Amino acid sequence: MKKVILYGAGKRCEALCKILKWGVVEVLAILDSDSSRWGEEVDGIIVEAPIRMRVFRDVNICITVADISAVKKIRKDLKHIYEYDLNKEVGYHELILEIYKKNYKIEQKALFQKIDRNKDNVMFDCYNGLGLGGVETWTIGLCKALLKKSNKYIYIITDNGVYNVADELKEHVINVDINHNEQFSISTVVDLVDLIIEKLPCKVITCTTNEVMLAAYLVKRYYPDMIQIISVIHNSNEKVYKEYMEFRECSDIYVGVSQDIKKEMMFKGIMTKNIYSIVCPFECPKILKRIYTEERSVPIHIGYAGRMDGMRHSQKRMDLLIKLIEILVKKDICFDFALAGDGVARSEMEEIVCSNHWEEKVHFLGTLEHSEMPNFWKEKDICINLADYEGRSISIIEAMGNGVVPIVTDTSGVNEDIIDDVNGYIVPLGDYKAAAMKIEYLEANRERLKELGKEAHDVVYPKSRMKPHLEFWEKILK
(Lines give C-alpha, C1' and ligand atoms only; values in the text may rest on other atoms or scores of the structure.)
Protein backbone atom coordinates (compact mmCIF):
# COMPACT_ATOMS: atom_id res chain seq x y z
CA MET A 1 0.00 0.00 0.00
CA LYS A 2 1.72 3.15 -1.28
CA LYS A 3 -1.22 5.58 -1.34
CA VAL A 4 -4.31 6.17 0.77
CA ILE A 5 -7.42 8.36 1.03
CA LEU A 6 -8.44 9.57 4.50
CA TYR A 7 -12.14 10.03 5.23
CA GLY A 8 -12.87 12.36 8.15
CA ALA A 9 -10.97 15.58 8.87
CA GLY A 10 -11.04 15.49 12.69
CA LYS A 11 -8.38 15.01 15.35
CA ARG A 12 -7.68 11.38 14.43
CA CYS A 13 -7.06 12.47 10.85
CA GLU A 14 -4.64 15.18 12.01
CA ALA A 15 -2.75 12.69 14.17
CA LEU A 16 -2.60 10.14 11.36
CA CYS A 17 -1.24 12.69 8.87
CA LYS A 18 1.67 13.44 11.20
CA ILE A 19 2.42 9.73 11.59
CA LEU A 20 2.20 9.12 7.82
CA LYS A 21 5.01 11.63 7.26
CA TRP A 22 7.36 9.10 8.87
CA GLY A 23 6.33 6.29 6.55
CA VAL A 24 6.13 5.45 2.88
CA VAL A 25 2.37 5.92 2.41
CA GLU A 26 1.19 9.02 0.55
CA VAL A 27 -2.12 10.73 1.40
CA LEU A 28 -3.81 11.52 -1.92
CA ALA A 29 -6.82 13.29 -0.45
CA ILE A 30 -8.78 14.02 2.72
CA LEU A 31 -12.58 13.84 2.42
CA ASP A 32 -15.33 14.82 4.84
CA SER A 33 -19.13 14.64 4.78
CA ASP A 34 -19.37 17.99 6.57
CA SER A 35 -19.53 20.71 3.88
CA SER A 36 -18.32 23.32 6.40
CA ARG A 37 -14.93 21.57 6.40
CA TRP A 38 -14.47 21.68 2.61
CA GLY A 39 -11.60 23.96 1.64
CA GLU A 40 -9.93 23.76 5.07
CA GLU A 41 -6.41 22.39 5.38
CA VAL A 42 -5.30 19.43 7.48
CA ASP A 43 -1.52 19.21 7.63
CA GLY A 44 -1.27 21.04 4.30
CA ILE A 45 -3.90 18.94 2.50
CA ILE A 46 -7.18 20.53 1.35
CA VAL A 47 -10.33 18.85 2.68
CA GLU A 48 -12.65 17.89 -0.18
CA ALA A 49 -16.21 16.61 -0.72
CA PRO A 50 -16.88 12.84 -0.80
CA ILE A 51 -17.76 13.06 -4.49
CA ARG A 52 -14.00 13.03 -5.15
CA MET A 53 -14.17 9.28 -4.41
CA ARG A 54 -15.23 8.79 -8.04
CA VAL A 55 -11.60 9.57 -8.97
CA PHE A 56 -10.08 7.27 -6.32
CA ARG A 57 -12.05 4.03 -6.63
CA ASP A 58 -8.88 1.92 -6.84
CA VAL A 59 -7.11 3.52 -3.85
CA ASN A 60 -7.18 2.22 -0.27
CA ILE A 61 -9.31 4.30 2.08
CA CYS A 62 -8.98 4.76 5.83
CA ILE A 63 -12.05 6.07 7.68
CA THR A 64 -10.63 8.06 10.60
CA VAL A 65 -14.04 8.83 12.14
CA ALA A 66 -14.41 7.28 15.62
CA ASP A 67 -18.23 7.24 15.87
CA ILE A 68 -19.42 3.74 14.87
CA SER A 69 -22.85 4.88 13.63
CA ALA A 70 -21.24 7.58 11.46
CA VAL A 71 -18.79 5.02 10.05
CA LYS A 72 -21.68 2.73 9.03
CA LYS A 73 -23.29 5.62 7.13
CA ILE A 74 -20.00 6.48 5.41
CA ARG A 75 -19.47 2.86 4.35
CA LYS A 76 -23.02 2.67 2.99
CA ASP A 77 -22.48 5.82 0.92
CA LEU A 78 -19.09 4.63 -0.34
CA LYS A 79 -20.61 1.39 -1.58
CA HIS A 80 -23.94 2.55 -3.01
CA ILE A 81 -23.27 6.13 -4.12
CA TYR A 82 -19.62 5.98 -5.19
CA GLU A 83 -19.48 2.23 -6.04
CA TYR A 84 -16.36 1.79 -3.91
CA ASP A 85 -15.11 -1.73 -3.12
CA LEU A 86 -15.09 -1.82 0.71
CA ASN A 87 -12.53 -4.65 0.61
CA LYS A 88 -10.00 -1.90 -0.08
CA GLU A 89 -10.73 -0.20 3.25
CA VAL A 90 -7.87 -0.25 5.77
CA GLY A 91 -8.55 0.19 9.50
CA TYR A 92 -7.25 3.22 11.37
CA HIS A 93 -5.11 1.13 13.72
CA GLU A 94 -4.05 -1.19 10.91
CA LEU A 95 -2.66 1.80 9.03
CA ILE A 96 -0.82 3.00 12.13
CA LEU A 97 0.75 -0.44 12.50
CA GLU A 98 1.72 -0.46 8.83
CA ILE A 99 3.55 2.86 9.17
CA TYR A 100 5.33 2.08 12.42
CA LYS A 101 6.54 -1.33 11.24
CA LYS A 102 8.57 0.48 8.58
CA ASN A 103 9.77 3.34 10.74
CA TYR A 104 13.54 3.66 10.64
CA LYS A 105 13.66 5.43 14.03
CA ILE A 106 12.17 2.38 15.70
CA GLU A 107 14.62 0.11 13.91
CA GLN A 108 17.54 2.22 15.09
CA LYS A 109 16.27 2.08 18.67
CA ALA A 110 15.65 -1.66 18.65
CA LEU A 111 18.77 -3.07 17.05
CA PHE A 112 22.05 -3.87 18.80
CA GLN A 113 20.77 -3.45 22.35
CA LYS A 114 22.48 -5.27 25.22
CA ILE A 115 19.81 -7.08 27.31
CA ASP A 116 20.12 -8.22 30.91
CA ARG A 117 18.37 -11.60 30.82
CA ASN A 118 18.51 -12.12 34.60
CA LYS A 119 15.40 -10.03 35.26
CA ASP A 120 11.79 -10.66 34.42
CA ASN A 121 10.08 -7.28 34.62
CA VAL A 122 6.33 -6.70 34.67
CA MET A 123 5.01 -3.33 33.49
CA PHE A 124 1.42 -2.17 33.92
CA ASP A 125 0.03 0.51 31.66
CA CYS A 126 -1.56 3.55 33.35
CA TYR A 127 -0.98 5.71 30.29
CA ASN A 128 -3.61 8.31 31.25
CA GLY A 129 -2.18 8.95 34.71
CA LEU A 130 -2.76 7.74 38.25
CA GLY A 131 -6.07 9.41 39.02
CA LEU A 132 -9.07 7.80 40.67
CA GLY A 133 -10.53 5.82 37.77
CA GLY A 134 -11.37 2.12 37.88
CA VAL A 135 -8.36 1.09 35.78
CA GLU A 136 -5.98 3.05 37.98
CA THR A 137 -7.50 1.75 41.22
CA TRP A 138 -7.25 -1.84 39.98
CA THR A 139 -3.66 -1.39 38.79
CA ILE A 140 -2.47 0.16 42.03
CA GLY A 141 -4.17 -2.49 44.16
CA LEU A 142 -2.78 -5.40 42.13
CA CYS A 143 0.73 -3.96 42.00
CA LYS A 144 0.76 -3.51 45.78
CA ALA A 145 -0.32 -7.14 46.20
CA LEU A 146 2.34 -8.41 43.78
CA LEU A 147 5.05 -6.39 45.53
CA LYS A 148 4.03 -7.89 48.89
CA LYS A 149 4.66 -11.31 47.36
CA SER A 150 8.32 -10.27 46.90
CA ASN A 151 8.17 -9.68 43.16
CA LYS A 152 10.32 -6.54 43.15
CA TYR A 153 10.34 -6.04 39.38
CA ILE A 154 6.83 -4.60 39.16
CA TYR A 155 6.39 -1.21 37.49
CA ILE A 156 3.60 1.16 36.46
CA ILE A 157 4.04 3.21 33.28
CA THR A 158 2.30 6.58 33.52
CA ASP A 159 2.55 10.18 32.36
CA ASN A 160 4.27 13.10 34.08
CA GLY A 161 1.23 14.23 36.06
CA VAL A 162 1.35 14.98 39.80
CA TYR A 163 -0.28 12.15 41.76
CA ASN A 164 -0.57 10.99 45.33
CA VAL A 165 1.42 7.75 45.09
CA ALA A 166 1.62 5.32 48.03
CA ASP A 167 5.10 5.03 49.54
CA GLU A 168 5.47 1.36 48.60
CA LEU A 169 4.91 2.23 44.92
CA LYS A 170 7.06 5.34 44.56
CA GLU A 171 10.11 3.46 43.30
CA HIS A 172 7.95 1.43 40.94
CA VAL A 173 6.27 4.24 39.00
CA ILE A 174 7.94 5.14 35.69
CA ASN A 175 7.00 8.55 34.30
CA VAL A 176 7.10 9.03 30.55
CA ASP A 177 6.61 12.15 28.40
CA ILE A 178 3.25 11.29 26.85
CA ASN A 179 1.64 13.62 24.33
CA HIS A 180 -2.06 13.28 25.16
CA ASN A 181 -2.96 15.87 22.51
CA GLU A 182 -1.59 13.81 19.63
CA GLN A 183 -2.55 10.14 19.56
CA PHE A 184 0.25 7.70 18.62
CA SER A 185 2.77 10.53 18.25
CA ILE A 186 6.24 9.49 17.16
CA SER A 187 7.89 11.13 20.18
CA THR A 188 5.72 9.23 22.67
CA VAL A 189 6.12 5.90 20.89
CA VAL A 190 9.90 6.25 20.58
CA ASP A 191 10.25 7.11 24.29
CA LEU A 192 8.14 4.07 25.21
CA VAL A 193 10.18 1.82 22.90
CA ASP A 194 13.34 3.01 24.71
CA LEU A 195 11.77 2.26 28.09
CA ILE A 196 10.52 -1.21 27.16
CA ILE A 197 13.83 -2.24 25.62
CA GLU A 198 15.56 -1.10 28.81
CA LYS A 199 13.25 -3.40 30.83
CA LEU A 200 13.62 -6.52 28.66
CA PRO A 201 12.84 -9.32 29.23
CA CYS A 202 9.39 -8.25 30.35
CA LYS A 203 5.65 -8.65 30.28
CA VAL A 204 3.54 -5.59 29.44
CA ILE A 205 -0.04 -5.42 30.70
CA THR A 206 -1.98 -2.87 28.67
CA CYS A 207 -5.29 -1.21 29.53
CA THR A 208 -6.39 -0.12 26.05
CA THR A 209 -5.25 0.11 22.42
CA ASN A 210 -2.75 2.90 22.96
CA GLU A 211 0.89 3.89 22.53
CA VAL A 212 2.06 1.48 25.23
CA MET A 213 0.59 -1.47 23.33
CA LEU A 214 2.03 -0.22 20.04
CA ALA A 215 5.52 0.35 21.48
CA ALA A 216 5.52 -3.09 23.14
CA TYR A 217 4.51 -4.69 19.86
CA LEU A 218 7.26 -2.89 17.94
CA VAL A 219 9.82 -4.13 20.46
CA LYS A 220 8.38 -7.65 20.20
CA ARG A 221 9.02 -7.64 16.45
CA TYR A 222 12.76 -7.46 17.19
CA TYR A 223 12.81 -9.48 20.44
CA PRO A 224 9.94 -11.97 20.04
CA ASP A 225 11.15 -14.34 22.76
CA MET A 226 11.73 -11.62 25.36
CA ILE A 227 8.38 -9.85 25.67
CA GLN A 228 4.77 -10.82 26.14
CA ILE A 229 1.80 -8.45 25.75
CA ILE A 230 -1.26 -9.05 27.92
CA SER A 231 -4.26 -6.90 27.01
CA VAL A 232 -6.77 -6.29 29.79
CA ILE A 233 -10.03 -5.16 28.19
CA HIS A 234 -11.81 -2.80 30.58
CA ASN A 235 -14.66 -1.68 28.33
CA SER A 236 -17.32 -3.30 26.21
CA ASN A 237 -18.61 -1.60 23.09
CA GLU A 238 -18.28 -2.09 19.35
CA LYS A 239 -15.66 0.64 18.94
CA VAL A 240 -13.41 -0.97 21.59
CA TYR A 241 -13.73 -4.43 20.01
CA LYS A 242 -12.98 -3.01 16.55
CA GLU A 243 -9.78 -1.37 17.81
CA TYR A 244 -8.58 -4.57 19.49
CA MET A 245 -9.26 -6.58 16.35
CA GLU A 246 -7.35 -4.07 14.21
CA PHE A 247 -4.45 -4.41 16.68
CA ARG A 248 -4.93 -8.16 17.14
CA GLU A 249 -1.40 -9.08 16.05
CA CYS A 250 -0.07 -7.06 19.00
CA SER A 251 -1.50 -9.10 21.91
CA ASP A 252 -0.49 -12.54 23.12
CA ILE A 253 -3.20 -12.89 25.78
CA TYR A 254 -6.50 -11.11 26.42
CA VAL A 255 -8.15 -10.69 29.80
CA GLY A 256 -11.71 -9.33 29.91
CA VAL A 257 -13.11 -7.83 33.09
CA SER A 258 -16.41 -9.65 32.48
CA GLN A 259 -17.67 -12.85 30.92
CA ASP A 260 -19.51 -10.72 28.35
CA ILE A 261 -16.21 -9.31 27.09
CA LYS A 262 -14.66 -12.77 26.87
CA LYS A 263 -17.62 -14.10 24.89
CA GLU A 264 -17.60 -11.14 22.50
CA MET A 265 -13.86 -11.45 21.81
CA MET A 266 -14.27 -15.17 21.15
CA PHE A 267 -17.13 -14.35 18.79
CA LYS A 268 -14.79 -11.94 16.98
CA GLY A 269 -12.32 -14.80 16.43
CA ILE A 270 -9.92 -14.84 19.41
CA MET A 271 -8.99 -18.40 20.36
CA THR A 272 -10.40 -19.68 23.66
CA LYS A 273 -6.92 -20.56 24.95
CA ASN A 274 -5.83 -16.92 24.54
CA ILE A 275 -8.58 -15.18 26.51
CA TYR A 276 -9.62 -15.17 30.16
CA SER A 277 -12.12 -13.27 32.26
CA ILE A 278 -11.64 -11.80 35.73
CA VAL A 279 -13.49 -9.86 38.40
CA CYS A 280 -11.39 -6.95 39.63
CA PRO A 281 -11.16 -7.10 43.45
CA PHE A 282 -12.61 -4.29 45.52
CA GLU A 283 -13.05 -3.26 49.13
CA CYS A 284 -16.04 -5.05 50.69
CA PRO A 285 -16.84 -5.79 54.35
CA LYS A 286 -17.37 -9.45 55.19
CA ILE A 287 -20.30 -8.60 57.46
CA LEU A 288 -22.70 -5.92 56.29
CA LYS A 289 -23.44 -3.35 59.00
CA ARG A 290 -25.49 -0.35 58.00
CA ILE A 291 -28.90 1.29 58.24
CA TYR A 292 -31.36 2.24 55.50
CA THR A 293 -33.70 5.20 55.11
CA GLU A 294 -36.91 3.42 56.00
CA GLU A 295 -38.76 6.44 57.38
CA ARG A 296 -41.00 7.83 54.59
CA SER A 297 -40.68 11.39 55.83
CA VAL A 298 -36.90 11.31 55.22
CA PRO A 299 -35.56 11.53 51.64
CA ILE A 300 -34.41 8.21 50.17
CA HIS A 301 -30.66 8.51 49.43
CA ILE A 302 -29.50 7.98 45.83
CA GLY A 303 -25.85 7.95 44.75
CA TYR A 304 -23.82 8.10 41.56
CA ALA A 305 -20.03 7.71 41.49
CA GLY A 306 -17.95 8.00 38.36
CA ARG A 307 -16.82 10.23 35.54
CA MET A 308 -19.15 12.97 34.29
CA ASP A 309 -17.81 12.54 30.77
CA GLY A 310 -20.55 14.14 28.74
CA MET A 311 -24.22 14.36 27.93
CA ARG A 312 -25.52 12.66 24.77
CA HIS A 313 -22.96 10.62 22.78
CA SER A 314 -20.95 9.92 25.94
CA GLN A 315 -20.34 6.67 27.80
CA LYS A 316 -21.81 7.66 31.15
CA ARG A 317 -24.83 9.58 29.77
CA MET A 318 -25.16 12.42 32.25
CA ASP A 319 -28.08 13.71 30.17
CA LEU A 320 -30.09 10.67 31.26
CA LEU A 321 -29.36 11.39 34.92
CA ILE A 322 -30.75 14.90 34.45
CA LYS A 323 -33.89 13.50 32.80
CA LEU A 324 -34.21 11.00 35.64
CA ILE A 325 -34.01 13.77 38.24
CA GLU A 326 -36.65 15.76 36.36
CA ILE A 327 -39.08 12.82 36.52
CA LEU A 328 -38.43 12.26 40.22
CA VAL A 329 -39.13 15.93 40.94
CA LYS A 330 -42.33 15.94 38.85
CA LYS A 331 -43.57 12.82 40.64
CA ASP A 332 -42.82 14.50 43.96
CA ILE A 333 -40.56 11.62 45.04
CA CYS A 334 -38.89 12.25 48.40
CA PHE A 335 -35.22 11.87 47.47
CA ASP A 336 -31.70 13.19 47.95
CA PHE A 337 -29.20 12.61 45.10
CA ALA A 338 -25.41 12.88 45.66
CA LEU A 339 -23.01 12.69 42.72
CA ALA A 340 -19.33 11.90 43.36
CA GLY A 341 -16.96 12.57 40.50
CA ASP A 342 -15.98 15.17 37.97
CA GLY A 343 -15.75 15.72 34.24
CA VAL A 344 -16.63 17.95 31.31
CA ALA A 345 -20.40 17.61 31.90
CA ARG A 346 -20.35 18.70 35.53
CA SER A 347 -20.64 22.46 34.98
CA GLU A 348 -23.55 22.03 32.54
CA MET A 349 -25.30 19.72 35.00
CA GLU A 350 -24.81 22.18 37.85
CA GLU A 351 -26.31 24.96 35.71
CA ILE A 352 -29.37 22.82 34.94
CA VAL A 353 -29.80 21.92 38.61
CA CYS A 354 -29.48 25.57 39.62
CA SER A 355 -31.88 26.88 36.95
CA ASN A 356 -34.49 24.34 38.03
CA HIS A 357 -33.97 25.07 41.75
CA TRP A 358 -33.07 21.44 42.55
CA GLU A 359 -30.13 22.39 44.79
CA GLU A 360 -31.75 21.02 47.95
CA LYS A 361 -32.18 17.61 46.33
CA VAL A 362 -29.10 17.28 44.09
CA HIS A 363 -25.53 17.67 45.39
CA PHE A 364 -22.22 17.61 43.49
CA LEU A 365 -19.45 16.37 45.76
CA GLY A 366 -16.57 16.48 43.29
CA THR A 367 -13.83 13.86 43.17
CA LEU A 368 -13.55 11.79 46.34
CA GLU A 369 -10.49 9.82 47.41
CA HIS A 370 -10.93 6.10 46.95
CA SER A 371 -10.67 5.64 50.72
CA GLU A 372 -13.77 7.82 51.09
CA MET A 373 -15.98 5.68 48.85
CA PRO A 374 -17.08 3.06 51.42
CA ASN A 375 -18.51 5.82 53.65
CA PHE A 376 -20.11 7.46 50.62
CA TRP A 377 -21.95 4.25 49.74
CA LYS A 378 -22.90 3.35 53.31
CA GLU A 379 -24.98 6.52 53.41
CA LYS A 380 -26.84 5.61 50.20
CA ASP A 381 -29.88 3.39 49.64
CA ILE A 382 -29.75 3.27 45.84
CA CYS A 383 -26.91 3.28 43.30
CA ILE A 384 -27.70 4.69 39.85
CA ASN A 385 -25.73 4.05 36.65
CA LEU A 386 -27.31 4.83 33.27
CA ALA A 387 -24.19 4.32 31.11
CA ASP A 388 -24.46 3.17 27.51
CA TYR A 389 -21.55 0.78 28.04
CA GLU A 390 -19.16 -0.44 30.72
CA GLY A 391 -16.56 -3.16 31.03
CA ARG A 392 -17.68 -4.11 34.48
CA SER A 393 -18.37 -1.10 36.63
CA ILE A 394 -16.29 -1.17 39.81
CA SER A 395 -18.49 1.61 41.16
CA ILE A 396 -21.60 -0.58 40.92
CA ILE A 397 -20.09 -3.60 42.65
CA GLU A 398 -18.46 -1.41 45.33
CA ALA A 399 -21.91 0.02 46.02
CA MET A 400 -23.43 -3.46 46.18
CA GLY A 401 -20.65 -4.53 48.54
CA ASN A 402 -21.84 -1.80 50.89
CA GLY A 403 -25.44 -2.97 50.69
CA VAL A 404 -26.64 -0.37 48.21
CA VAL A 405 -29.46 -1.43 45.84
CA PRO A 406 -28.33 -1.00 42.20
CA ILE A 407 -30.60 0.37 39.49
CA VAL A 408 -28.47 0.21 36.36
CA THR A 409 -28.60 -0.13 32.61
CA ASP A 410 -27.94 -3.46 30.91
CA THR A 411 -24.20 -3.08 30.33
CA SER A 412 -21.40 -5.65 30.34
CA GLY A 413 -21.07 -7.66 33.54
CA VAL A 414 -24.22 -6.55 35.38
CA ASN A 415 -26.02 -9.84 34.70
CA GLU A 416 -23.19 -11.65 36.49
CA ASP A 417 -23.99 -9.77 39.71
CA ILE A 418 -27.59 -8.55 39.61
CA ILE A 419 -30.77 -10.66 39.67
CA ASP A 420 -33.76 -8.48 38.93
CA ASP A 421 -35.92 -7.78 41.97
CA VAL A 422 -33.71 -10.04 44.12
CA ASN A 423 -30.68 -7.80 44.72
CA GLY A 424 -31.27 -4.89 42.37
CA TYR A 425 -32.72 -3.87 39.02
CA ILE A 426 -31.45 -3.86 35.44
CA VAL A 427 -33.20 -1.57 32.94
CA PRO A 428 -32.73 -1.35 29.14
CA LEU A 429 -30.04 0.97 27.77
CA GLY A 430 -31.25 4.56 27.70
CA ASP A 431 -34.42 3.81 29.66
CA TYR A 432 -34.25 6.46 32.39
CA LYS A 433 -38.05 6.25 32.75
CA ALA A 434 -37.80 2.60 33.84
CA ALA A 435 -35.06 3.58 36.32
CA ALA A 436 -37.35 6.30 37.71
CA MET A 437 -40.15 3.74 38.16
CA LYS A 438 -37.82 1.48 40.18
CA ILE A 439 -36.82 4.40 42.41
CA GLU A 440 -40.47 5.32 42.86
CA TYR A 441 -41.24 1.71 43.87
CA LEU A 442 -38.41 1.57 46.42
CA GLU A 443 -39.31 4.99 47.84
CA ALA A 444 -42.84 3.69 48.46
CA ASN A 445 -41.68 0.24 49.68
CA ARG A 446 -38.66 1.08 51.80
CA GLU A 447 -38.83 -2.13 53.80
CA ARG A 448 -37.39 -3.81 50.68
CA LEU A 449 -34.16 -1.80 50.84
CA LYS A 450 -32.70 -3.94 53.61
CA GLU A 451 -33.72 -7.19 51.89
CA LEU A 452 -32.35 -6.23 48.45
CA GLY A 453 -29.25 -4.56 49.93
CA LYS A 454 -28.25 -7.63 51.93
CA GLU A 455 -28.66 -9.82 48.84
CA ALA A 456 -26.54 -7.36 46.84
CA HIS A 457 -23.74 -7.59 49.41
CA ASP A 458 -23.91 -11.37 49.72
CA VAL A 459 -23.64 -11.88 45.95
CA VAL A 460 -20.57 -9.71 45.42
CA TYR A 461 -18.60 -10.31 48.62
CA PRO A 462 -17.02 -13.62 47.43
CA LYS A 463 -15.88 -11.83 44.26
CA SER A 464 -14.23 -8.96 46.14
CA ARG A 465 -11.20 -10.75 47.56
CA MET A 466 -7.69 -10.08 46.28
CA LYS A 467 -6.31 -13.57 47.01
CA PRO A 468 -7.88 -15.50 44.07
CA HIS A 469 -7.25 -12.53 41.79
CA LEU A 470 -3.59 -12.44 42.80
CA GLU A 471 -3.28 -16.20 42.24
CA PHE A 472 -4.68 -15.75 38.72
CA TRP A 473 -2.11 -13.09 37.88
CA GLU A 474 0.79 -15.00 39.40
CA LYS A 475 -0.12 -17.92 37.16
CA ILE A 476 -0.48 -15.72 34.05
CA LEU A 477 2.78 -13.89 34.71
CA LYS A 478 4.69 -17.13 35.13
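For the single chain, residues carry numbers from 1 onward in sequence order. Small disclaimer: the values here were computed from a predicted structure and weren't measured.
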Would you find a donor on one side and an acceptor on the other, under 3.5 Å apart, between the side chain of [X] and the backbone of [Y]?
X	Y	answer
S395	A305	yes
R448	L442	no
N121	K199	yes
S251	Y254	no
T409	A387	yes
Q315	Y389	yes
D420	I426	yes
H469	L142	no
T64	R12	no
Y100	I186	yes

Just so I know, are the side chains of [X] and [Y] near enough to count as touching, which here means a heavy-atom distance under 4.5 Å?
X	Y	answer
L147	L169	yes
R446	D381	no
V204	M213	no
Y127	T206	no
I382	F335	no
V414	E390	no
E348	M318	no
I352	M311	yes

Discussion item. Applying side chain to side chain contact (heavy atoms under 4.5 Å, CB included) to I300 and L449, what does each step give before you reach the verdict?
Written reply: CA-CA 10 Å; I300 195 167; L449 291 170; 4.0 Å; yes
Carboxylate-amine/guanidinium proximity below 4.0 Å for [X] and [Y]:
X	Y	value
D388	R317	yes
E416	K463	no
E379	R290	no
D120	K478	no
E471	K149	no
K242	E246	yes
K18	E14	no
D252	K203	no

Minimum heavy-atom separation for [X] and [Y], please, with both atom names.
X	Y	result
C126	I156	CB-CG2, 3.8 Å
P406	I396	CB-CG2, 4.3 Å
A166	K144	CB-CE, 3.7 Å
I261	I233	CD1-O, 3.5 Å
N423	I418	OD1-CA, 3.4 Å
L386	I384	CG-CG2, 4.0 Å

Practice prompt. Could you tell me whether H93 and Y244 have their ring centroids closer than 6.0 angstrom?
Written response: no
Worksheet item: Can the ring centres of Y217 and F247 be said to be less than 6.0 Å apart?
Response: no
Discussion item. So, applying side chain to side chain donor-acceptor pair (under 3.5 Å) with D336, which one of K361, H363, K380 is it?
Written reply: H363
Practice prompt. Could you walk me through whether T208 and N210 pass side-chain hydrogen bond (donor to acceptor under 3.5 Å, both in side chains), step by step?
Written response: CA-CA 6 Å; T208 186; N210 60 15; 5.6 Å; no
Point-to-point distance, once rounded to the nearest 0.5 Å, from [atom1] of [X] to [atom2] of [Y]:
X	Y	atom1	atom2	value
W377	C284	CH2	SG	13.5 Å
E94	I96	CD	CD1	10.5 Å
T188	E182	OG1	CD	7.5 Å
H172	L146	NE2	CG	11.0 Å
T158	L130	OG1	CG	4.0 Å
S185	N181	OG	CG	9.5 Å

Flag if over 12 foreign heavy atoms under 6.0 Å of [atom1], [X]:
X	atom1	result
K73	NZ	no
M466	CE	yes
N164	CG	no
E171	CD	no
E447	CD	yes
E283	CD	no
I291	CD1	no

Worksheet item: Can E136 and H370 be said to form a side-chain hydrogen bond (donor to acceptor under 3.5 Å, both in side chains), step by step?
Response: CA-CA 11 Å; E136 293 76 22; H370 193 255; over 6 Å; no
Practice prompt. Please lay out, stage by stage, how W138 and V257 fare under the test side chain to side chain contact (heavy atoms under 4.5 Å, CB included).
Written response: CA-CA 11 Å; W138 167 75; V257 298; over 6 Å; no
Discussion item. Set out, in order, the CA-CA distance, both residues' side-chain angles and the distance that settles side-chain hydrogen bond (donor to acceptor under 3.5 Å, both in side chains) for Y425 and D421, then state yes or no.
Written reply: CA-CA 6 Å; Y425 298 97; D421 203 36; 2.6 Å; yes
Response to the item:
Only one of N175, T139, I205, L192 passes side-chain contact (heavy atoms from CB on, under 4.5 Å) with I157, and that residue is L192
Item to complete: Please assess E326 against W358 for the test side chain to side chain contact (heavy atoms under 4.5 Å, CB included), listing each intermediate value before the final yes or no.
Response: CA-CA 9 Å; E326 186 176 13; W358 296 338; 3.9 Å; yes
Item to complete: List the steps, then state whether side-chain hydrogen bond (donor to acceptor under 3.5 Å, both in side chains) holds for N415 with D410.
Response: CA-CA 8 Å; N415 284 287; D410 191 7; 3.0 Å; yes
Worksheet entry | Any donor-acceptor N or O pair under 3.5 Å, side chains S371, E369 | no
